[in-house]
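The structure appears right after this line, and notes come after that.
Chain A is the first sequence line, chain B the second, and so forth, proteins listed ahead of strands; every chain is numbered from 1.
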Amino acid sequence: MYDRRARYLSEDEVKSKLESGIPYVIRLKVPLNEEIKFNDIIRGTVKIDTNHIDDQILLKSDGFPTYHLANVIDDHLMEITHIIRGEEWITSVPKHILIYRAFGWEVPKMAHVPLILNPDKTKLSKRQGDVATEDYLKKGYLPEALVNYMALLGWNPGEGEKREIFSLDELIKLFTLERVNSSGAVFNIEKLNWMNSEYIKKTDNEKLAEMISPYLIKARFDVSDKNKLFRVTYVIKNYIEKLDEAPEYARIFYEEVKIKDEHLEIINNSSSRTVLSELSILLNETYEITETNFKLLLTEICDKTGIRGKSLFMPVRLALTGEEHGPELGTIAYVLGKEEVIRRIKKLNIQ
RNA sequence: GGCGCAUUGGUGUAAUUGGUUAACACGCCGCCCUCUCAAGGCGGAAAGUACGGGUUCGAUCCCCGUAUGCGCUGCCA
């Protein structure tokens with residue numbers, strides 16, 4: 001700690017040092033043995049002994065002010081009423097109060113908010129993941145979800161309010177500094193993901209389609225067919241938690257089907273061949289595929305052939321997507337459309 | 001080292017001025033739905049409130065100590 005030597009220099013000493021041209025700084029003369037008390041809106045009364053505070057440098061040797069001086073003057077000139085900032089600033093409050101006092105200015109109200117923590121409870125850092133909001137926006141977190149999630153980190157609306165999804169307007173209405181708590185909060189990406197998926201589900205298809213198309217384009221999918229894009233959006237909105245997951249789930253609608261080796265056997269057995277050829281026949285008699293009538297076609301095949309359950313659905317699923325898992329078959333067929341469904345089945349028989 | 005701030009399930013939080021079976025959400029597990037995967041519905045496990053002392057008829061809540069974590073301790077902000 002600085003020994004406060006400058007304050008004990010005599011006037012003559014100061015004068016001669018000044019004349020000799022030695023570089024100097026201007027410091028704050030902190031009173032000795034005084035307890036500075038202040039009220040923090042979030043934490044209540046905080047006391048700090050001035051003996052633990054250095055004689056702060058206010059003007060550097062190059063003549064420029066340090067943060068502490070500039071900050072106080074700036075806030076006063078801008079008529080700041082409330083200073084709301086991170087907890088790491090709390091120990092510099094007495095320095096600021098002393099400066100306000102020296103100027104004879106009123107001290108604004110103070111509120112020091114808790115820190116956001118890594119899973120291991122250390123201060124949030126780049127080493128353990130993204131910290132910039134841009135990083136999250138890029139991944140396809142919606143701004144509303146981000147705001148909503150962050151608001152709930154260290155704050156809550158109180159008893160009687162069970163909701164957790166709040167619009168900006170609602171947050172503005174409900175938020176008070178008094179209900180912010182004072183301990184650091186671990187940033188839980190799982191809950192953010194959940195909340196983001198809630199917001200995605202709430203977004204209407206047209207808007208959501210617009211939001212995901214950059215991600216699909218980046219994956220080199222041809223999204224020029226707007227109708228198809230809307231249908232794809234309608235399907236995947238229940239699957240994605242973040243917008244950047246869209247290509248992964250939209251893939252089956254945009255990429256050529258590739259039958260994996262482990263599925264060759266299933267797709268080539270006689271029952272599967274029966275199902276697929278029956279389906280082709282029925283499709284030719286169908287004007288247009290809808291979610292429900294495609295299911296009806298499958299029921300019809302079941303009635304006619306006695307093939308049911310997995311042996312009925314799986315060959316169709318594999319033929320249309322090349323995957324064992326995915327949305328409901330009727331939905332998939334509806335999104336692809338009649339022509340494409342027929343094409344995909346046909347392509348298979350040729351192999 | 002000194003000073004400051006904090007401490008409720010794995011995580012985020014709740015619990016009128018001390019009196020609840022300590023509540024909700026995420027996550028996890030199970031069941032239902034179902035061709036599958038999600039979504040959705042239902043249910044379950046999970047903290048006795050960091051630890052130790054007080055004060056009190058009674059402490060998550062008040063006081064003290066310890067531990068732990070974080071912050072500050074710059075001619076950085």
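Heavy-atom distances to RNA chain B give each of R43(A) and M314(A) a nearest nucleotide, and the one nearer the 5′ end belongs to R43(A). Comparing G330(A) and T66(A) against RNA chain B, the residue whose closest nucleotide sits nearer the 5' end is G330(A).
In this structure, K47(A) reaches the sugar-phosphate backbone alone: every heavy-atom distance under 4.0 Å involves primed, P, OP1 or OP2 atoms, never a base. Within the 4.0 angstrom heavy-atom criterion, no nucleotide atom of any strand lies near G86(A). V316(A) comes within contact range of no nucleotide atom at all, as no heavy-atom separation falls under 4.0 Å. When heavy atoms are screened at a 4.0 angstrom cut-off, E245(A) is found touching no nucleic acid atom at all. Residue contacts for P327(A): at a heavy-atom cut-off of 4.0 Å it reaches a base atom on one of the strands shown. Counting any heavy atom pair closer than 4.0 Å across all strands shown, N71(A) reaches no nucleic acid atom. At a threshold of 4.0 angstrom between heavy atoms, the contacts of E161(A) with the nucleic acid are absent.
Nucleotide G52(B) is matched to C64(B) when pairs are restricted to Watson-Crick or G-U wobble geometry with both distances under 3.5 angstrom. Applying the Watson-Crick and G-U wobble criteria (two distances, each under 3.5 Å), U36(B) pairs with nothing in any strand. Across all strands shown, G12(B) forms a Watson-Crick or G-U wobble pair, both distances under 3.5 Å, with C24(B). The base-pairing partner of C76(B), taking Watson-Crick or G-U wobble contacts with both distances under 3.5 Å, does not exist among the strands shown. The base-pairing partner of G19(B), taking Watson-Crick or G-U wobble contacts with both distances under 3.5 Å, is C57(B). With a cut-off of 3.5 Å on both Watson-Crick or G-U wobble distances, the partner of G4(B) is given as C70(B). Searching all strands for a Watson-Crick or G-U wobble partner of C42(B) with both distances below 3.5 Å returns G30(B).
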Just list the side-chain donor-acceptor pairs under 3.5 Å for residues 295-302 of chain A, sequence neighbours left out, or say none.
residue: K295(A); atom: NZ; partner: E328(A); partner atom: OE1; Å: 2.7
residue: T299(A); atom: OG1; partner: K295(A); partner atom: O; Å: 2.8

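For F313(A) and C35(B), the ring-to-base geometry satisfies the stacking test (centroid distance below 5.5 Å, interplanar angle below 30°).
Separating the C1' atom of U21(B) from that of G65(B) is a span of 33 Å, rounded to the nearest Å. Distance check on atom C1': C72(B) versus C28(B) gives 39 Å, rounded to whole Å. Here the separation of G9(B) from G41(B), taken at their C1' atoms, is 25 Å to the nearest Å. When the C1' atom is compared between U20(B) and G58(B), the two are found 14 Å apart, to the nearest whole Å. A gap of 10 Å separates the C1' atoms of G52(B) and A67(B), to the nearest Å. Nucleotides U8(B) and A25(B) are separated by 15 Å at their C1' atoms, to the nearest Å. A gap of 12 Å separates the P atoms of G30(B) and A38(B), to the nearest Å. Spacing between A6(B) and U60(B) at atom C1', rounded to whole Å, works out to 15 Å.
Side-chain atoms of E87(A) lie closest to C70(B) of the nucleotides C70(B), C37(B), C24(B). Looking at the side chain of H52(A), the nearest of the listed nucleotides G4(B), C3(B), U36(B) is C3(B). For E164(A), counting side-chain heavy atoms from C-beta on, the closest listed nucleotide (G12(B), C70(B), C5(B)) is G12(B). Nearest nucleotide to the side chain of T91(A), out of U73(B), C35(B), G71(B): G71(B). Ranking C35(B), G27(B), A39(B) by closeness to the K201(A) side chain, first place goes to A39(B). You'll find that the side chain of N156(A) is closest to A14(B), out of A14(B), G27(B), C35(B). In this structure, the nucleotide among C5(B), C35(B), C75(B) sitting nearest to the side chain of I57(A) is C75(B).
Atom P of nucleotide A6(B) and atom CD1 of I116(A) are separated by 18 Å, given to the nearest angstrom. Here the P atom of nucleotide C28(B) and the CH2 atom of W194(A) are 13 Å apart, to the nearest Å. Taking atom CZ on R85(A) and atom P on G71(B), their separation rounds to 17 Å, with Å as the unit. L117(A) has its CG atom 16 Å from the P atom of G10(B), to the nearest Å. The distance between atom CG of N51(A) and atom P of G4(B), rounded to the nearest whole Å, is 12 Å. When rounded to the nearest whole Å, the span between CH2 of W89(A) and P of A77(B) equals 8 Å. D40(A) has its CG atom 9 Å from the P atom of A6(B), to the nearest Å. Separating the CG atom of L312(A) from the P atom of U34(B) is a distance of 15 Å, rounded to the nearest angstrom.
A side-chain N or O of Y199(A) and one of N148(A) form a donor-acceptor pair less than 3.5 Å apart. No hydrogens or angles considered: nothing links the side chains of Y136(A) and N196(A) as a donor-acceptor pair under 3.5 Å. Judged by distance alone, the side chains of S10(A) and D12(A) never bring a donor and an acceptor atom under 3.5 Å apart. Between the side chains of H112(A) and R85(A), at least one donor N or O lies within less than 3.5 Å of an accepting N or O.
R308(A) forms no cation-pi arrangement with F313(A), by the criterion of a distance under 6.0 Å to the ring centre and an angle within 45° of the ring axis.
Contact check on E340(A) versus R343(A) returns a salt bridge, with a Lys/Arg side-chain nitrogen under 4.0 Å from an Asp/Glu carboxylate oxygen. One finds no salt bridge joining E256(A) and R344(A) here, because no Lys/Arg side-chain nitrogen approaches an Asp/Glu carboxylate oxygen to under 4.0 Å. Using a cut-off of 4.0 Å between Lys/Arg side-chain N and Asp/Glu carboxylate O, R101(A) and E34(A) are scored as salt-bridged. Looking at D55(A) and K29(A), no side-chain N of the basic residue comes within less than 4.0 Å of a carboxylate O on the acidic one, giving no salt bridge.
Remark: R179(A) is in phosphate contact with A15(B), judged by side-chain N or O atoms under 4.0 Å from OP1 or OP2. In terms of phosphate contacts, K60(A) brings a side-chain nitrogen or oxygen within less than 4.0 Å of OP1 or OP2 of C76(B). Within the structure, a side-chain polar atom (N or O) of K121(A) is placed less than 4.0 Å from OP1 or OP2 of U11(B).
For G48(B), the O4'-C1' to base torsion is within 90° of 0; the nucleotide is therefore syn.
Contact check of residues 180-193 of chain A against RNA chain B (heavy atom, cut-off under 4.0 Å) returns N181(A), S182(A), S183(A), A185(A), V186(A), N188(A), E190(A), K191(A).
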Check against side chain to side chain donor-acceptor pair (under 3.5 Å), S167(A) and D169(A): CA-CA 5 Å; S167(A) 69; D169(A) 284 343; 5.3 Å; no

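Closest of all the heavy-atom pairs between V275(A) and S311(A) is CG2-O, 4.1 Å.
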